[in-house]
Trainee: 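Here you go, one structure.
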Amino acid sequence: MSKISLIAKLPCAEGQNEGFEAALADMIEASNEEAGLEIYSAHRGDDNNYWFFELYTDEAAKDVHGKGDAMKAAMRAIGAFMAGAPEVHLMTPVVAKGMDI
């Protein structure tokens with residue numbers, strides 16, 4: 001069974017970076033309740049966009065994402081700081097350094 005990777009672009013509302021990054025930290029903490037989520041990392045990019053990289057053990061693990069109480073609360077909280085909808089891209093990892101795919 002193949003692992004699932006995901007890259008998501010999250011646009012932050014102007015002037016909301018501090019709150020956005022605090023909410024991102026809460027999301028990272030909440031991700032601890034998801035056993036099949038191997039990597040969950042946030043990165044600040046240009047133009048007030050943030051990028052998430054996620055790696056799941058399999059499709060079932062991806063399907064569980066966001067279903068726990070802590071993650072639901074964290075996802076609701078981050079919405080207050082966003083400038084628009086996230087852009088999500090699902091992929092299958094092919095080759096990598098530093099992670100078991």
Trainee: When rounded to the nearest 0.5 angstrom, what is the spacing between CG in Leu24 and OG in Ser41?
Mentor: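 Spacing of CG (Leu24) from OG (Ser41) equals 10.5 Å.
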Trainee: Can you find a pair of side-chain heavy atoms, one from Leu10 and one from Ile78, that are under 4.5 Å apart?
Mentor: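 A side-chain contact under 4.5 Å exists here.
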Trainee: Short question: side chain of Glu33, backbone of Met71 - any donor-acceptor pair under 3.5 Å?
Mentor: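 The answer is yes, because a donor-acceptor pair under 3.5 Å joins these two groups.
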Trainee: When you compare the side chains of Tyr50 and Asn17, does any donor N or O come within less than 3.5 Å of an acceptor on the partner?
Mentor: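 Their side chains do contain a donor-acceptor pair, which is all the 3.5 Å distance test asks for.
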Trainee: Check for me, please, whether Ile28 and Phe20 land in the same ILVMFWY cluster - side-chain distances under 4.5 Å, paths through other members count.
Mentor: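 Result: yes, single cluster for both.
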Trainee: Is the closest side-chain heavy-atom distance between Glu54 and Ile39 below 4.5 Å?
Mentor: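 Glu54 does not reach Ile39 side chain to side chain.
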Trainee: State plainly whether one hydrophobic cluster holds both Leu55 and Val64, where clusters connect Ile, Leu, Val, Met, Phe, Trp and Tyr through side-chain heavy atoms under 4.5 angstrom apart.
Mentor: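 Result: no, two separate clusters.
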Trainee: Report the C-alpha separation of Met91 and Leu6 in whole Å, then their side-chain angles, then the decisive distance to 0.1 Å, and conclude whether the side chain to side chain contact (heavy atoms under 4.5 Å, CB included) test is met.
Mentor: CA-CA 6 Å; Met91 297 161 284; Leu6 181 151; 5.6 Å; no
Trainee: Would you please test Phe53 and His43 for ring pair (Phe, Tyr, Trp, His ring centres under 6.0 Å) and show each step?
Mentor: CA-CA 8 Å; Phe53 174 72; His43 312 263; 7.7 Å; no
Trainee: Check whether any side-chain N or O of Lys67 sits under 3.5 Å from a backbone N or O of Asp63 as a donor-acceptor pair, and report yes or no.
Mentor: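 At least one qualifying donor-acceptor pair exists.
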Trainee: Can you tell me if Asn48 uses its side chain to pair, donor with acceptor, with the backbone of Cys12 under 3.5 Å?
Mentor: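 Flag set: sc Asn48 to bb Cys12 pair under 3.5 Å.
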Trainee: For Arg44, is there an ion pair with Glu21 - N to carboxylate O distance below 4.0 angstrom?
Mentor: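 Here Glu21 pairs with Arg44 in a salt bridge, since their nearest N and O are under 4.0 Å apart.
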Trainee: Kindly indicate whether the side chain of Glu34, heavy atoms from C-beta on, has any atom under 4.5 Å from the side chain of Tyr40.
Mentor: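 No. Closest side-chain heavy atoms not under 4.5 Å.
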Trainee: In this structure, would Met82 and Met27 fall into the same cluster of hydrophobic residues linked by side-chain contacts under 4.5 Å?
Mentor: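 In one cluster with Met82: Met27, yes.
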Trainee: Answer yes or no: is there an ion pair linking Lys3 with Glu38, defined by an N-O contact shorter than 4.0 Å?
Mentor: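 Salt bridge flag = yes for Glu38 with Lys3.
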Trainee: Given the rule in the side chain to side chain contact (heavy atoms under 4.5 Å, CB included) test, do Leu90 and Tyr56 qualify, once you have shown the distances and angles that lead to the verdict?
Mentor: CA-CA 11 Å; Leu90 289 172; Tyr56 298 89; 6.0 Å; no
Trainee: Could you report the tightest heavy-atom contact between Ala85 and Pro11, atom names first, then the distance?
Mentor: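 Shortest heavy-atom separation between Ala85 and Pro11 comes out as O-CD, 3.7 Å.
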Trainee: Answer yes or no: is there a donor N or O on one side and an acceptor on the other, between the side chain of Asp47 and the main chain of Asn49, under 3.5 Å?
Mentor: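 Pair absent, no side-chain N/O of Asp47 close to backbone of Asn49.
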